[in-house]
*Asks:* 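Okay, handing you the structure first.
None of the values given here were measured: they were computed from a predicted structure.
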Amino acid sequence: MDSSQSNKQKYLIIFYATIFILVFQLLFLKISPQLYSILNPLPFLIIGLAVKLSDFLKSCALALLILVFINFFSEDFSPKQLIIFHFITSFVTIFFFGSYHLSKKINLDSSNLLSGMIISFLFILSCFYILFFNDFEYEKLSAFLRKSIDKIISSYGLQQNNELDKVIKIIMIILPSINSLIFFITFSLNFIFSKFILKKFMIQQVENINFTNFTTPLWFSLIYLMLLLIVLTQNASSQIFVLSINILICMSFSFLMEGYIVFNNYFKKIKLNNFIKFLIIFLLFVFLGYVLFLILLFIGIFENLSKKATKRR
C-alpha cells in the first residue's frame, strides 16, 4: 500500500513538474520572444532545485514529447524553434544538476565543479564550431550582420563608417564566445532568481547548491594564461587564434563570477533595502553595460591573484 502511494506521489510530481515547465515556456514565448530568450532556463531551474534528478529528467523528456506532439497538429502553437530551445535548455540544465550530483559522489568542491563544467561546455562548443561553422555559414551570418547594421544606420540617420568591414570581421570572430558568455550570465541570473523564488514560496530545495565560496582553481588560471599567450602571439587570421580567443572569452566567465561574488558580498555589508540594492545593480547595468562586466572581470582576476598570493604566504 505504501509503495503504491509512493509511486502515485512520484507520478504526480513528474506530471505537475512537466505542466509547470510547459506552461511557463509557452507563457514567456507568447508574452515576448525577448522575455523568453532571457527567462527560458527559469522553469527548468526551479523544478531542478525542487525535485529529484531522476524526476526532473523524466519531466523534461515528457515535456519535450508533448511539444513535439502539439507541433504535429499545430505548428503555430508549438513552433519548431521552441522544441529546439527546450531540448538545448533541458540538456544544459540536466548536465548542470547531473554534474553537481556526480561531484558529491567524488567529493569535488564547487570551484573545481564549475570550472570543470565550463571546460566541458567549451569542448562541446569547439567541436560544434569545427564541424558546423563552415565558410558558407560564415558568409551567410556575415551578410545578415551587415544587413542589420545597415538598417540601424539608415533608421537613425547615421553616417556610413569606412571601418564597418573590420568591425563586422571582429564581431564574427568573437560571436560564438559572446553568445556563450551571455548564455552563462543569463543561466546564472536565472539560477539566483529560481533560488529566491523557492525561498519566498517556502519550498524546500532537494539540494542546496551554493557557489558563494567559489574561487577559480590554479589549473584553470594556468590554462587561461596559456590561451592568452597564444592569442597574443598568433596571427589574427589563423584558426588557432579564432578558437583560442573564443575559448578565452568564455573562460573569463569564471573570473567574472568571482568578481560578482566580491561585489555581492560588499553589497550585503551595506544596510540598504533589497529593492534599492536591486535598483542600483539594475541602473549600473543599464548605464555601464559591458563596462560593468569588464569591471567585475578585473575585480575577479585581482581577487583570485590576492587569494593565491595569500596562500603562498
*Asks:* Any side chain to side chain donor-acceptor pair (under 3.5 Å) pairs touching residues 35-51, not counting sequence neighbours?
*Replies:* Gln25-Tyr36, Asn40-Thr89

*Asks:* Check whether any side-chain heavy atom of Leu26 sits under 4.5 Å from a side-chain heavy atom of Leu82, and report yes or no.
*Replies:* yes

*Asks:* Check the hydrophobic clustering (I, L, V, M, F, W, Y; side-chain heavy atoms under 4.5 Å; chains of links allowed) and say if Phe263 and Leu305 are grouped together.
*Replies:* yes

*Asks:* Is there a donor-acceptor pair under 3.5 Å between the side chain of Lys195 and the backbone N or O of Leu49?
*Replies:* no

*Asks:* Under the rule for side chain to side chain donor-acceptor pair (under 3.5 Å), what residues qualify as partners of Gln81, not counting sequence neighbours?
*Replies:* none

*Asks:* Just checking Phe193: does its CZ atom have more than 12 heavy atoms from other residues, nucleotides or ligands closer to it than 6.0 angstrom?
*Replies:*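 Check fails, neighbour count at 12 or below.
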
*Asks:* How far does CG of Leu67 sit from NE2 of His86, to the nearest 0.5 angstrom?
*Replies:* 5.5 Å

*Asks:* Provide the closest heavy-atom pair for Ser244 versus Ile230 in the form atom of the first, atom of the second, distance.
*Replies:*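 Where Ser244 meets Ile230 most closely, the heavy atoms are OG-CG2, 3.3 Å.
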
*Asks:* Rounded at 0.5 Å granularity, tell me how far CD1 in Ile106 sits from CG in Leu113.
*Replies:* 8.5 Å

*Asks:* Could you tabulate the donor-acceptor pairs under 3.5 Å formed by side-chain atoms of residues 170-186, not counting sequence neighbours?
*Replies:*
| unit_1 | atom_1 | unit_2 | atom_2 | d |
| --- | --- | --- | --- | --- |
| Ser177 | OG | Ile174 | O | 2.8 |
| Ser177 | OG | Asn246 | OD1 | 3.0 |
| Asn179 | ND2 | Leu175 | O | 3.4 |
| Ser180 | OG | Pro176 | O | 2.8 |
| Thr186 | OG1 | Ile182 | O | 2.7 |

*Asks:* Tell me, do Cys60 and Thr93 make a side-chain contact under 4.5 Å, heavy atoms counted?
*Replies:* no

*Asks:* So with a 6.0 Å cut-off around CG of Asn213, is the heavy-atom count from everything else above 12?
*Replies:* no

*Asks:* Hey, quick one: are Leu232 and Leu227 part of the same hydrophobic cluster, counting side-chain heavy atoms closer than 4.5 Å, chains of contacts allowed?
*Replies:*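 Same hydrophobic cluster.
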
*Asks:* May I ask you to test the Glu207-His101 pair for a side-chain heavy-atom distance under 4.5 Å?
*Replies:*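 A side-chain contact under 4.5 Å exists here.
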
*Asks:* Go through Ile299 and Glu258 one step at a time and tell me if the side-chain contact (heavy atoms from CB on, under 4.5 Å) criterion holds.
*Replies:* CA-CA 8 Å; Ile299 290 170; Glu258 208 166 343; over 6 Å; no

*Asks:* Under the criterion side-chain contact (heavy atoms from CB on, under 4.5 Å), I'd like the reasoning laid out for Leu45 against Phe97: C-alpha separation, chi angles, the key distance, then a yes or no.
*Replies:* CA-CA 9 Å; Leu45 288 164; Phe97 287 114; 4.1 Å; yes

*Asks:* Out of curiosity, does Phe69 fall in the hydrophobic cluster containing Leu65 (side-chain heavy atoms, cut-off under 4.5 Å, transitive links)?
*Replies:* no

*Asks:* To the nearest 0.5 Å, what is the distance between CD1 (Ile209) and CG (Leu114)?
*Replies:* 11.0 Å

*Asks:* To the closest 0.5 Å, what do you measure between CG (Leu53) and NZ (Lys58)?
*Replies:*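 Nearest 0.5 Å value for the CG-NZ distance: 10.5 Å.
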
*Asks:* Let me confirm one number: the CD1-CD1 distance from Ile247 to Ile245, rounded to the nearest 0.5 Å.
*Replies:* 11.5 Å

*Asks:* Between Phe214 and Ser110, what is the shortest heavy-atom contact and its length?
*Replies:*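 Closest approach of Phe214 to Ser110, heavy atoms only: CD1-O, 4.0 Å.
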
*Asks:* Under the 4.5 Å side-chain heavy-atom rule for ILVMFWY, direct or indirect, which residues accompany Ile19?
*Replies:* Leu12, Phe15, Tyr16, Val23

*Asks:* Answer yes or no: does atom CZ of Phe211 have more than 12 heavy-atom neighbours from other residues, nucleotides or ligands under 6.0 Å?
*Replies:* yes

*Asks:* Give the C-alpha distance, both sets of side-chain angles, the deciding distance and a yes or no for side-chain contact (heavy atoms from CB on, under 4.5 Å) between Ile197 and Leu42.
*Replies:* CA-CA 10 Å; Ile197 290 169; Leu42 186 63; 4.2 Å; yes

*Asks:* Does a side-chain heavy-atom distance below 4.5 Å link Ser59 with Val51?
*Replies:* no

*Asks:* Taking a hydrophobic cluster as the set of Ile, Leu, Val, Met, Phe, Trp and Tyr residues connected by side-chain heavy atoms closer than 4.5 Å, whether directly or through intermediates, do Phe85 and Leu27 fall within one such cluster?
*Replies:* yes

*Asks:* Is there a continuous path of hydrophobic side-chain contacts, each under 4.5 Å between heavy atoms, that joins Ile70 to Ile83?
*Replies:* yes

*Asks:* CD1 of Ile240: more than 12 outside heavy atoms within 6.0 angstrom?
*Replies:* no

*Asks:* Ile203 and Ala50: which non-hydrogen atoms are nearest, and at how many Å?
*Replies:* CG2-CB, 4.3 Å

*Asks:* Please list, chain by chain and in numerical order, all residues satisfying ring pair (Phe, Tyr, Trp, His ring centres under 6.0 Å) with Phe241, sequence neighbours excluded.
*Replies:* none

*Asks:* Give a yes-or-no answer on whether the side chains of Ser221 and Thr216 include a donor-acceptor pair shorter than 3.5 Å.
*Replies:* no

*Asks:* Report yes if some heavy atom in the side chain of Phe44 is under 4.5 Å from a heavy atom in the side chain of Ile94; otherwise report no.
*Replies:*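 When only atoms from C-beta onward are counted, Ile94 and Phe44 do not touch, as no gap falls below 4.5 Å.
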
*Asks:* Just how far is it from atom OG1 of Thr215 to atom CE of Met257, taken to the nearest 0.5 Å?
*Replies:*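 So the OG1 of Thr215 and the CE of Met257 are separated by 11.0 Å.
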
*Asks:* Considering only heavy atoms from C-beta outward, does the side chain of Trp219 approach that of Ile223 to under 4.5 Å?
*Replies:* yes

*Asks:* Please identify each residue that fulfils side chain to side chain donor-acceptor pair (under 3.5 Å) with Tyr224, with sequence neighbours left out.
*Replies:* Ser252

*Asks:* Does the side chain of Phe220 reach to within under 4.5 Å of the side chain of Ile118, using non-hydrogen atoms?
*Replies:*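 When only atoms from C-beta onward are counted, Ile118 and Phe220 do touch, with a gap below 4.5 Å.
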
*Asks:* Using a 4.5 Å cut-off on heavy atoms from C-beta on, say whether the side chain of Tyr260 contacts that of Ser188.
*Replies:*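 No, their side chains stay 4.5 Å or more apart.
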
